[in-house]
Amino acid sequence: MEIKIGVQHTPREIVLESGQSAEEVEAEISKALTGNGKLLTLVDERGRKVIVPADRVAYVEIGEQAHRRVGFGAL
C-alpha cells in the first residue's frame, strides 16, 4: 500500500510502498504521535526504514492495498 507523509517546513512529501496492513500502519502512527515515542518509523517493501520526527509530522495519507498486476494488457 502507498503511504504519504507530509513533514512540516518541507515542500515535498515522503512516499513509500509498505507491505504492512492499514491497521498496522495506523497503530504505528498513533503510537508515535500520542505516546512517548519521538520518532515515527515505517518500513517499506524493500526493507528500508523511513524515520520521521513525530513532532514534525503534518499529515499521513494511507492508500488502498495495492493489487499486483500481471501481464501486458490494460484492464
Side-chain angles (χ1 to χ4, degrees):
M1 93 173 44
E2 183 178 73
I3 302 168
K4 295 180 183 179
I5 304 170
V7 181
Q8 295 176 4
H9 310 297
T10 305
R12 294 181 55 191
E13 59 194 10
I14 299 170
V15 180
L16 66 131
E17 291 287 330
S18 176
Q20 295 175 303
S21 70
E23 293 79 21
E24 291 172 334
V25 172
E26 188 174 349
E28 287 294 323
I29 294 166
S30 295
K31 185 172 75 172
L33 296 178
T34 60
N36 294 334
K38 298 183 187 252
L39 299 173
L40 169 60
T41 304
L42 297 173
V43 180
D44 73 357
E45 287 184 336
R46 296 181 181 166
R48 296 179 291 191
K49 286 187 179 181
V50 176
I51 302 171
V52 180
D55 62 342
R56 298 290 182 204
V57 174
Y59 66 90
V60 178
E61 181 180 314
I62 303 172
E64 292 183 20
Q65 189 70 26
H67 299 286
R68 297 216 181 255
R69 296 182 185 149
V70 178
F72 297 100
L75 298 176

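Just the heavy atoms: all of them, side chains too, but no hydrogens, waters or symmetry mates, feed the values below.
Transitive grouping of hydrophobic side chains (ILVMFWY, heavy atoms separated by less than 4.5 Å) keeps V15 and V7 in distinct clusters. Each of M1 and V43 belongs to its own hydrophobic cluster when Ile, Leu, Val, Met, Phe, Trp and Tyr are linked at side-chain heavy-atom distances under 4.5 angstrom.
With respect to I29, the side-chain contact (heavy atoms from CB on, under 4.5 Å) criterion is satisfied by exactly one of I62, V57, I3, I5: I62.
Across every non-hydrogen atom of E28 and L42, the tightest pair is CB-CD2, 4.1 Å. What you find for A54 and A32 is that their closest heavy atoms are CB-O, 3.4 Å. Between E24 and S21 the shortest heavy-atom distance is OE1-N, 3.0 Å.
Counted within 6.0 Å of CD on E13, heavy atoms from surrounding residues, nucleotides or ligands total more than 12; the atom is thus considered enclosed.
Between the NZ atom in K4 and the CZ atom in R12 there is a gap of 12.5 Å [rounded to 0.5 Å].
A 4.5 Å side-chain heavy-atom check between E17 and R46 finds every atom pair outside the cut-off.
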